[in-house]
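Accompanying notes for the structure given below.
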2 protein chains.
Amino acid sequence: MPTLEKVTRTDAGLASELRLSVMRLRRRLVAERHPDNELSMNAMAVLGALHRHGELTIGELATRERVKAPSMTRTVNWLEDGGHVARRPHETDGRQVLVALSDRGRETLLADRRRRDEWLARRLRDLTPADRDLLRRAAPILERLAQED
Amino acid sequence: MPTLEKVTRTDAGLASELRLSVMRLRRRLVAERHPDNELSMNAMAVLGALHRHGELTIGELATRERVKAPSMTRTVNWLEDGGHVARRPHETDGRQVLVALSDRGRETLLADRRRRDEWLARRLRDLTPADRDLLRRAAPILERLAQED
DNA sequence: TATTGTTATACTCTATAACTATA
DNA sequence: TATAGTTATAGAGTATAACAATA
């Protein structure tokens with residue numbers, strides 16, 4: 001039997017299965033977010049990016065999180081209102097805006113890091129070590145699928 | 001070194017990484033949906049569930065897709081307006097409503113199945129066979145994470 | 001009383017379009 | 001002209017609360 005067709009069909013099935021799993025797991029993750037965590041998951045992701053990479057512009061943050069600039073403007077507005085980040089003008093390009101993590105933002109990030117993944121981490125601990133290892137290797141591939149053009 | 005703490009920390013990291021990957025990939029999947037596909041991804045998932053399992057109630061569909069009943073009512077309304085499904089009363093329990101795939105819905109499902117995963121399937125073909133195989137094994141685990149209580 | 005589904009309402013996240021300021 | 005960011009607006013998807021019908 002033609003292997004190509006088999007592979008293609010199997011890949012379509014995998015795509016379908018993977019898509020459904022991702023949609024459902026995301027929905028579950030949003031629902032299970034710790035109630036006393038005042039920041040959205042996306043806002044926390046922005047704090048994490050700033051922690052890892054230092055100051056970033058709105059555009060860089062938007063590209064990184066795969067959202068459009070207006071969405072990132074709004075997220076940064078929330079974070080700034082809460083005192084978690086600060087905007088400052090770019091030194092040489094007056095159009096750009098640099099966003100930096102504040103001390104409070106860093107505290108929030110570090111304090112929440114342990115508890116914000118509580119639900120998922122608990123579920124992960126219920127898996128076999130082999131399954132957990134498999135997910136550990138799968139996560140970067142999922143990330144790459146999301147990032148590629 | 002305390003192995004437990006190490007493992008716990010690593011799992012928290014995995015949870016974080018997995019969460020971000022899932023959020024971003026889902027966002028990308030929604031953005032890359034074929035423009036001439038008139039049905040939302042969730043509506044298509046409902047058609048798929050009806051195809052696999054036959055008639056289901058609103059409540060069963062809601063549980064399966066991990067949404068609340070009002071959300072599923074709305075999705076089923078769309079599908080019914082488009083002639084893709086039909087409601088009929090439950091034989092013995094007047095409160096429940098059975099939803100069945102129509103011929104048109106089945107055609108829509110089968111015709112769209114190949115193309116609706118086009119983007120993801122193409123990305124998957126760009127992966128190495130090993131990575132693809134890894135995702136094939138990871139998908140059910142993600143599904144289980146989404147489904148468990 | 002409890003359950004199933006619907007209606008009403010509101011919220012979150014995201015996008016596109018139009019605009020401002022700067023390059 | 002082109003780019004970075006903001007503002008205005010709209011749409012999709014979801015939830016909770018209140019309600020109706022039935023068990």
Side-chain angles (χ1 to χ4, degrees), chain A residues 19-20 22-33 35 37-46 55-82 85-100 146, chain B residues 19-20 22-35 37-46 55-82 85-99 146:
Chain A
R19 184 172 51 74
L20 287 171
V22 165
M23 301 285 288
R24 293 200 185 110
L25 181 52
R26 177 263 182 187
R27 205 176 293 138
R28 185 62 185 264
L29 285 167
V30 169
E32 291 290 342
R33 193 157 50 87
N37 188 344
E38 78 278 15
L39 296 179
S40 77
M41 301 179 95
N42 294 323
M44 289 304 296
V46 168
E55 285 181 311
L56 293 170
T57 66
I58 300 281
E60 286 167 340
L61 284 169
T63 302
R64 236 169 241 287
E65 296 304 317
R66 301 215 66 87
V67 296
K68 298 298 176 187
S71 303
M72 189 49 69
T73 290
R74 210 175 65 152
T75 300
V76 169
N77 285 345
W78 284 332
L79 288 170
E80 195 177 32
D81 289 350
V85 303
R87 278 181 170 86
R88 73 171 182 84
H90 194 280
E91 275 98 3
T92 61
D93 187 339
R95 295 169 307 179
Q96 297 188 51
V97 173
L98 283 163
V99 182
Chain B
R19 184 173 51 75
L20 288 171
V22 165
M23 300 288 285
R24 292 198 186 111
L25 181 52
R26 178 263 182 187
R27 204 177 294 139
R28 186 61 185 263
L29 285 167
V30 169
E32 291 290 342
R33 191 159 50 88
H34 208 283
N37 189 343
E38 78 277 16
L39 296 178
S40 77
M41 301 180 96
N42 294 323
M44 289 304 298
V46 168
E55 287 182 311
L56 294 169
T57 67
I58 299 282
E60 286 167 339
L61 284 169
T63 303
R64 234 169 244 286
E65 295 303 318
R66 301 216 66 87
V67 296
K68 299 299 177 188
S71 303
M72 188 50 69
T73 291
R74 211 173 64 149
T75 300
V76 169
N77 285 346
W78 285 332
L79 287 170
E80 196 176 31
D81 289 349
V85 303
R87 277 181 170 87
R88 74 172 181 84
H90 194 282
E91 274 99 3
T92 62
D93 188 339
R95 295 170 305 179
Q96 297 189 51
V97 172
L98 284 163
V99 182

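The chains referred to below are lettered A, B, ... by the order of the sequence lines, with proteins before strands, and numbering in each begins at 1. Because only heavy atoms are used, hydrogens play no part in the values below, and waters and symmetry mates are left out as well, while side chains stay in.
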Taken to the nearest whole Å, CE/Met23(A) to P/dT14(C) is 13 Å

Taking only the side-chain nitrogens and oxygens of Arg74(A), find out if one of them lies under 4.0 Å from OP1 or OP2 of dC11(C).
no

Tell me if a side-chain donor or acceptor on Arg66(B) pairs with a main-chain N or O of Ala146(B) at a distance below 3.5 Å.
yes

Close side-chain approach of Glu60(A) and Val99(A), heavy atoms under 4.5 Å
no

Just the rounded figure in Å: distance from C1' of dG5(D) to CZ of Arg88(A).
16 Å

Roughly, in whole Å, what's the span from CD in Glu80(A) to C1' in dG5(D)?
13 Å

Regarding Thr75(A), tell me which of base, sugar-phosphate or nothing describes its non-hydrogen contacts under 4.0 Å with the strands shown.
nothing

Please report, rounded to the nearest Å, how far the C1' atom of dG5(C) is from the CD atom of Glu60(B).
13 Å

We want to know whether Arg27(B) and Asn42(A) form a side-chain donor-acceptor pair, criterion being a heavy-atom distance below 3.5 angstrom.
yes

Shortest non-hydrogen contact between Met72(A) and Ile58(A), atoms and distance:
CG-O, 3.7 Å

Determine the contact category for Arg26(B): base if any of its heavy atoms lies under 4.0 Å from a base atom, sugar-phosphate if only primed atoms, P, OP1 or OP2 are that close, otherwise nothing.
nothing

Considering only heavy atoms from C-beta outward, does the side chain of Val46(A) approach that of Leu79(A) to under 4.5 Å?
yes

Taking only N and O in the side chain of Arg24(B), is any of them less than 4.0 Å away from OP1 or OP2 of dT14(C)?
no

Can you give one letter per nucleotide of nucleotides 15-23 of chain D, 5' to 3': B if a protein heavy atom sits under 4.0 Å from the base, S if only from the sugar-phosphate, - if neither?
BBB---BBS

What is the distance, to the nearest angstrom, from the CG atom on Leu98(A) to the C1' atom on dA4(D)?
12 Å

In whole angstroms, the gap separating C1' of dA21(C) from CD1 of Ile58(A) amounts to 15 Å

Could you give the distance from CD (Gln96(A)) to CD (Glu91(A)), rounded to the nearest 0.5 Å?
10.5 Å

Phosphate OP1/OP2 of dT6(D) contacted by Thr73(A) side-chain N/O (<4.0 Å):
yes

Kindly point out which of dT14(D), dG5(C), dT6(D) is positioned nearest to the side chain of Asn42(B)?
dT14(D)

Provide, to the nearest angstrom, the distance between the CG atom belonging to Asn77(B) and the C1' atom belonging to dG5(C).
11 Å

Rounded to whole Å, please give me the gap between CE in Met72(B) and P in dT14(D).
8 Å

Do Val97(A) and Arg88(A) touch side chain to side chain, with heavy atoms closer than 4.5 Å?
no

